[in-house]
Amino acid sequence: MRVAVWEVANRLGVVAGTPAELFSVLLAGPRRTVRLPLPPDHALVRALRPLGHLDLVLDEPPQLPGPPPAGSVDLGDPAAVCAADPVRVTRAYEADPDPRGGLRPAWLRAGQSLLRDQDPADRALVLLAALDEGADPRTAAALARRAAGSPWTLARSSRRPCTALTAAPDGRPVVREDRVLAVACLPDGTQAALDERGRLRLPGGRAGQLADAVAATLASHPATALAAAGDSVLTGDRMGTVHAFSLTGLEQAALHSGRVTALTATVTATAPAAATATASGAAPSPAPAALTVYSGGTDGTVRAWRPGRPPGRSALVRRPCPVVALHAAGPYLAVAWADGLAELRRPDTGATALFRPGPRIRAVAATADGTLVVGLDDTVLHLACRACRPRR
C-alpha cells in the first residue's frame, strides 16, 4: 500500500505519505483522470473508487507495484540501500522494525522522493536530510560520503516546525512556526505576516504609513501572497493579480490565471552611482533602484515583473503543478512546487539545481551565497548548492 500511495502521488503531482493523506489531497482537488499501474483488485484502487470525482484508468502493473526482484539488501548499509531497488528496500523496511541506525525511519519518511529514478548520490542526500537527530552518527557520516556526487551539500538541519520563510535585511533566514500564509521583512526589519484569512498582521499593530495602508486595504480585500523589498510591499490575490504598494502609489499587473500563491522581490541598481561629487560640490546622487517582482500561482507558472513596465508574455518557469513558495536573494531564486520539488535557480545564467526531500514543502528561502533553505512541517534544511555558485 505504501509504495502504491507514493507512486500515485508522484503521478498526480502531489505529496502524500499515507492513504489518508492521499485521500485528503484527492478530495480537495478538481475532477481528474488518473492512470494507475495497479490491478483492479489492489487495496488502494478499492479505496479510491468511492471518490466519485476521480476517474481511474488501470494498467497492467510494471515492477513498481508488483513483486520485488529476488535477492536481499543489507538494510544497515547506507551505500547498499541507496543503490538497491527502492521498492525492495521499502518492503524490507516495512517488514523489519529495526531502525538500522536511523536508516529505516529516514527511508520511510522520504520514500516518495526515494522511489523516483535517481543517482545513488542524490538518494543518499535525501536520506541524510531525512535522518532523525538521534540517528547513529556513523550513518550520517556514511551517507555524507555517498552524497559527495550530489549537486548539494547538507549544511545543517534542525527539527522545528516551519510554516513560512523569508530573510531579514541582513540576509539571515527568518522561520515562522505559527499559522501564517506568508511572512515578509519590511526595510526596518519589522516582520509583517499574512494570516490565514489573508489579512496583514504587524507587531504592535502598526509599522509605518505604508504598512498601515496595506493592512487597511487587505482588511476588505484579503490577499493570498505577500512580499516586501525596498520601499514597496507586494500582495497577490485569488484572481491572479499582483499589487505593488509604495508611498508614491499603487501599481497592478494581472500575471496569473487563478490564485497567486507566492511572491518575492529584489531591488537592484539600474546604473552605477557617480564616482565624484558634482561641480557644485554636492554629494553624488545614488543610482536609481529597480524593483523586480517574482510571482507564482496555481497555474504552475513563475513570472517576473517590473512595476512601471507592462508584464512580459512569457513565463520564467512553467510546470504542471502549483507553485508553493518563492524567495529571491542576490542572483538566486528559490522555488517550491506542490509536487514536492524545490529548485534553486539563477535567472541570469539559467543554472538550476533540484531537490526533493520527500515530505511536502511549506516554504523556501535563498541566501546570496547560494544556500537553499527548505521548510518542512517539522524540519528546516540548509543546502549549499555546488552547481549554482558563480565561477571565481
Side-chain angles (χ1 to χ4, degrees), residues 1-10 15-19 21 43-44 61-160 340-342 354-361 374 376-384 386:
M1 178 71 85
R2 196 190 306 259
V3 170
V5 168
W6 289 337
E7 170 63 7
V8 171
N10 280 336
V15 176
T18 65
E21 290 178 358
L44 185 55
Q63 281 190 358
L64 185 60
S72 61
V73 179
D74 182 351
L75 299 180
D77 181 354
V81 298
C82 289
D85 175 79
V87 175
R88 181 151 47 102
V89 174
T90 301
R91 292 184 174 175
Y93 278 139
E94 287 180 321
D96 185 351
D98 190 313
R100 306 285 180 163
L103 278 174
R104 180 184 185 272
W107 185 282
L108 297 181
R109 170 181 167 82
Q112 185 173 336
S113 172
L114 298 167
L115 205 65
R116 291 175 176 269
D117 185 25
Q118 59 192 295
D119 225 36
D122 296 327
R123 194 167 280 142
L125 178 75
V126 172
L127 274 173
L128 180 62
L131 284 179
D132 289 327
E133 292 178 342
D136 190 327
R138 293 171 296 182
T139 300
L143 286 172
R145 290 192 297 271
R146 195 71 180 89
S150 165
W152 302 97
T153 298
L154 181 64
R156 68 180 185 275
S157 66
S158 58
R159 288 292 190 191
R160 59 181 300 189
L341 176 67
L354 312 178
F355 177 68
R356 289 183 182 271
R360 66 175 174 174
I361 300 173
V374 181
L376 311 177
D377 283 328
D378 59 359
T379 306
V380 178
L381 305 171
H382 294 248
L383 298 154
R386 302 186 185 104

Measure the CG-OG1 distance between Leu125 and Thr153 for me, rounded to the nearest 0.5 Å. 8.0 Å
For Arg146, the salt bridge (charged side-chain N to carboxylate O under 4.0 Å, His left out) test, sequence neighbours excluded, returns none
Are side-chain heavy atoms of Asp98 and Arg104 found at a separation under 4.5 Å? no
Counting heavy atoms not belonging to Arg138, are there more than 12 under 6.0 Å from its CZ? no
Side chain to side chain contact (heavy atoms under 4.5 Å, CB included), paired with Asp122, selected from Cys82, Ser113, Ser150: Ser150
Working to the nearest 0.5 angstrom, can you tell me the gap between Phe355 CZ and Leu381 CG? 5.5 Å
For the CZ atom of Arg100 and the CG atom of Asp74, what is their distance to the nearest 0.5 Å? 7.0 Å
Nearest-0.5 Å distance, CG of residue Leu131 to OG1 of residue Thr379: 11.0 Å
Show your working on side-chain contact (heavy atoms from CB on, under 4.5 Å) between Leu75 and Trp107 and close with a plain yes or no. CA-CA 10 Å; Leu75 299 180; Trp107 185 282; over 6 Å; no
Heavy-atom closest pair (Leu128 atom, Ala140 atom, distance to 0.1 Å) is CD1-O, 3.5 Å
Trp6 side chain vs Ala110 backbone, donor-acceptor pair below 3.5 Å: no
Over all heavy atoms of both residues, which pair between Gly101 and Thr139 is shortest? Give the atoms and the distance, please. O-OG1, 3.1 Å
Any Arg2 side-chain heavy atom under 4.5 Å of Leu108 side chain: yes
For Ala16, does its backbone N or O pair with a side-chain atom of Gln112 as donor and acceptor, under 3.5 Å? yes
State the CG-CG distance between Leu143 and Leu154, to the nearest 0.5 angstrom. 10.5 Å
Should Arg109 and Asp378 count as side-chain neighbours, where that means a heavy-atom distance under 4.5 Å? yes
Which atoms form the tightest heavy-atom contact between Gly102 and Ala135, and what is the distance? CA-CB, 4.1 Å
List the atom of Arg386, the atom of Ala147, and the distance in Å for their closest heavy-atom pair. NH1-O, 4.1 Å
Compare all side-chain heavy atoms of Leu114 with those of Val89 and state whether any distance is below 4.5 angstrom. no
Between Arg123 (side chain only) and Arg116 (backbone N and O only), is there a donor and an acceptor less than 3.5 Å apart? yes
How about Arg356 and Val126: do any of their side-chain heavy atoms sit closer than 4.5 Å? no
Does some side-chain heavy atom of Pro78 sit less than 4.5 Å from a side-chain heavy atom of Leu103? yes
Do you know which two heavy atoms are closest between Pro120 and Ala83, and how far apart they sit? CG-CA, 4.3 Å
Considering non-hydrogen atoms only, spot the tightest contact between Leu376 and Arg360 and give its length. CD2-O, 3.4 Å
Step by step, work out the side-chain contact (heavy atoms from CB on, under 4.5 Å) result for Thr18 and Val5. CA-CA 7 Å; Thr18 65; Val5 168; 5.8 Å; no
